Amino acid sequence: MNDTAKYILETESLTKEFKGFTAVDDVNLKVKRHDIHALIGPNGAGKTTVFNLLTKFLVPTRGTIKVNGTDITASKPAEISRMGVIRSFQISAVFPHMTARENVRVALQRKLGTSFHFWKPLSSLNVLNERADELLHMVGLERFTDSVVGDMPYGRKRALEIATTLALEPELMLLDEPTQGMGREDVERITQLIRKVSKDRTILMVEHNLGVVSTLCDRITVLQRGAILTEGNYDEVSSDPRVKEAYMGKAA
Amino acid sequence: MNTKVGYGIALALLLVAPFMIYPVFLMKLLCFALFACAFNLILGYGGLLSFGHAAFFGGAAYITGHVIKVWGLPTELGLLVGAGSAAALGYLIGMLAIRRQGIYFAMITLALAQMVYFIFISADFTGGENGLQGVPRGYALGIFDLQDNLTMYYFVLAVFVIGFLIIARAVYSPFGQILGAIRDNEDRATSLGYDVDRYKHLAFVLSAALAGLAGSTKTVVFQLASLTDVHWHTSGEVVLMTLLGGLGTIAGPAVGAGVIVTLQNYLASGPLGAWVPVVLGTIFVVCVLAFRRGIIGELHAMLKKSF
């Protein structure tokens, strides 16, 4: 198998400098197709910066990014999204003034090709309701279909975010701390949900909760001060003394 | 359902209003109501504070005056040419401004609108300080003599209703849905694959076109296009109307325009004549401090609470 078929995402010497401070340093990341791949590391290791680079919300100082073998280093965020690479955000990314169904519909609507049609009634979007409700059901939000999202509990918002992302049928999902700030029950629910939706997809996630990482992820990349420290499966990574040191500081 | 009844009553009132109130005053009110509703499309629904909408309102006012008076175009066509040129101008200004955010967007639109103002001050066809005077009202559909104020009123009412319906439709359309999503969470809309700038740009052009339609109609009513129409005061006034009536509500800006135009009219003829700007300024401050949702916005909130 050649590299393009095996890896959905590859970066080469990816580097981001902010005024002399190197946030991401020469990162060569390869994400295997159909893997759940985690990006972990202590605070300030550059995980979110890597995410922002991958989705073009930041422009890299050096290096290239390839998705399915296509160089996307110069593409715009919305273009990446249309190539099937969809990201979530650290703070929940929903449209708070809309209902849950409308949130999902916004994602579904693009394929309809009527997003610029200002003369069509809103009811022309009703054809999407069935699919939207299906997706809401999938993430366990059927009770919230017509609730305004701003009032929903935090864990539910994150679930909605995943439903919205799924609506685009992404090939590669980038999840930025999907369980951050959640109670144990919600963490459990989201973990199961991610497992469920990872079928036939690739997921790259930033995650702090090592419990989640150990149960979900096929492969783990550890970042430290912007550079890759080590890579492997959970057992390999967790037994690596350098990883412990990065998290705990040098043992006395 | 309730809203439909509300709009029905409002329309009925507007239909009988000219028998009780001076029609020319009502026409002025309707023109500014349409202007404010158009402005609301970009401020309330697009989340962008344009400080240069007088360029579209006044620009279209001059163009319409010119094509009717000098080229002899029929009134309806004159209005369309005015709205069309405002749309074109909106496209150009939008191209330069739409990528900017917040205060920068406001400053760029203001600067470009000032350029438009100076073009109109120095161009030959505008009549400079005197304005473009003596624009004939013409005939509606070639039959109805618009020189008659009552006929003119119903013509203006028709233009207003059409404009209002276009705005209401745009807000509740697939496009409006995306616009709302962008206002709610721009980064998320981008990550879902939407080129947000293109949506804002379209909203800006629509807003400019309808603001132009309002300005064109005003020219026909008063048979005059003047520098006041393109002056930045007008850009400021429409912000005030929209905020007072209720930002991001369909009917709010029309109500706000009604209040402001009425106040201007009655205060100007009363003992407070010289104090109009002070009174309006005070209202603005009170509105921003105490009724941030505006008249219609506060009404909505009250209804929501009591049911």
Side-chain angles (χ1 to χ4, degrees), chain A residues 51-52 55-57 76-99 102-128 148-150 157 160-161 164-165 167-168 170 173-174 176, chain B residues 3 38 41-42 44-47 87 90-91 99 162-210 247-250 293 297 300-301 304:
Chain A
F51 253 55
N52 284 331
T55 48
K56 314 310 301 171
F57 278 77
K76 284 194 234 152
E79 286 168 2
I80 311 291
S81 162
R82 293 196 286 265
M83 290 177 71
V85 180
I86 317 288
R87 71 169 292 177
S88 74
F89 293 83
Q90 213 167 64
I91 19 162
S92 82
V94 291
F95 304 116
H97 291 96
M98 298 182 166
T99 66
E102 283 170 340
N103 263 262
V104 180
R105 256 184 9 185
V106 167
L108 292 169
Q109 199 184 325
R110 214 186 64 225
K111 280 197 211 104
L112 219 55
T114 61
S115 296
F116 282 107
H117 294 193
F118 59 84
W119 56 90
K120 285 215 174 97
L122 210 49
S123 56
S124 69
L125 295 176
N126 286 346
V127 292
L128 302 172
V148 173
V149 170
K157 282 185 195 162
L160 174 63
E161 196 185 328
T164 311
T165 306
L168 298 171
M173 280 170 89
L174 304 174
D176 196 354
Chain B
T3 8
L41 195 56
I42 193 68
Y45 294 97
Y91 184 83
R99 275 165 218 285
I162 292 168
F164 188 83
L165 288 176
I166 292 175
I167 292 164
R169 171 46 61 81
V171 168
Y172 295 108
S173 72
F175 169 71
Q177 197 77 357
I178 302 302
L179 205 58
I182 293 171
R183 194 187 40 167
D184 250 13
N185 193 336
E186 185 165 332
D187 279 346
R188 181 54 167 169
T190 304
S191 84
L192 294 179
Y194 292 105
D195 291 315
V196 295
D197 286 345
R198 291 178 60 201
Y199 290 86
K200 289 184 196 167
H201 199 176
L202 177 57
F204 192 72
V205 171
L206 278 176
S207 171
L210 290 157
L247 193 62
T249 60
I250 291 281
R293 285 174 286 212
H300 273 311
K304 237 189 199 171

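All values derive from a computational prediction rather than experimental measurement. In what follows, every chain begins at residue 1, and chains take the letters A, B, ... in the order their sequences are listed.
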**Report entry** chain A contact via B:Arg198 - which portion, at a heavy-atom distance below 4.5 Å
**Finding:**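 Contact with chain A involves both backbone and side-chain atoms of B:Arg198.
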
Query - Side chain / backbone / both / neither for B:Leu179 at chain A, heavy atoms under 4.5 Å - result: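 Neither part, no heavy atoms under 4.5 Å.
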
**Report entry** Side-chain touch A:Arg105/B:Gln177, heavy atoms, less than 4.5 angstrom
**Finding:**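 SC-SC contact between A:Arg105 and B:Gln177 confirmed.
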
Requested in this report: For residues A:Thr164 and A:Val94, determine if any side-chain heavy atom of one lies less than 4.5 Å from a side-chain heavy atom of the other.
Outcome: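 Not in contact.
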
Requested in this report: Would you mind telling me which of A:Arg82, A:Lys120, A:His97 has the largest number of heavy-atom pairs within less than 4.5 Å of chain B?
Outcome: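 Ranked by contacts with chain B, first place is A:Lys120.
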
Query raised in the report: What residue, out of A:Leu174, A:Leu122, A:Leu125, A:Asn103, has the most heavy-atom pairs lying under 4.5 Å from chain B?
Result: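 Most pairs with chain B among the choices: A:Leu122.
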
Query raised in the report: Would a distance-only check, ignoring hydrogens and angles, find a side-chain to backbone donor-acceptor pair under 3.5 Å from B:Arg188 to B:Ala181?
Result: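 No; zero donor-acceptor contacts below 3.5 Å.
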
Report task. Would you confirm whether A:Thr165, through its side chain, and A:Glu161, through its main-chain N or O, come within 3.5 Å as a donor-acceptor pair? Result ->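 Yes; judged by distance alone, with no hydrogens or angles, the pair exists.
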
Which residues pass the salt bridge (Lys or Arg N to Asp or Glu O under 4.0 Å) test with [X], not counting sequence neighbours?
| X | value |
| --- | --- |
| B:Lys200 | B:Glu186 |
| A:Arg110 | none |
| B:Asp187 | none |

Query raised in the report: Under a 4.5 Å heavy-atom cut-off, does chain B meet the side chain of A:Thr55, its backbone, both or neither?
Result: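 A:Thr55 has no heavy atom closer than 4.5 Å to chain B.
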
Query raised in the report: Side chain, backbone, both or neither: which part of A:Ser123 has a heavy atom under 4.5 Å from chain B?
Result: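 For A:Ser123, no heavy atom lies under 4.5 Å from chain B.
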
Query raised in the report: Any side-chain donor-acceptor pair under 3.5 Å between B:Thr190 and A:Arg87?
Result: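 There is no such pair (donor and acceptor under 3.5 Å, judged by atom type) between the side chains of B:Thr190 and A:Arg87.
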
Query raised in the report: Quick one: which residues of residues 163-171 of chain B reach chain A at under 4.5 angstrom, heavy atoms only?
Result: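 Heavy-atom contacts from residues 163-171 of chain B to chain A are B:Arg169, B:Ala170.
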
Requested in this report: Using the six-membered ring wherever Trp is involved, compare the ring planes of B:Phe175 and A:Phe118 and label them parallel, tilted or perpendicular (cut-offs 30° and 60°).
Outcome: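 Correct class here is perpendicular.
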
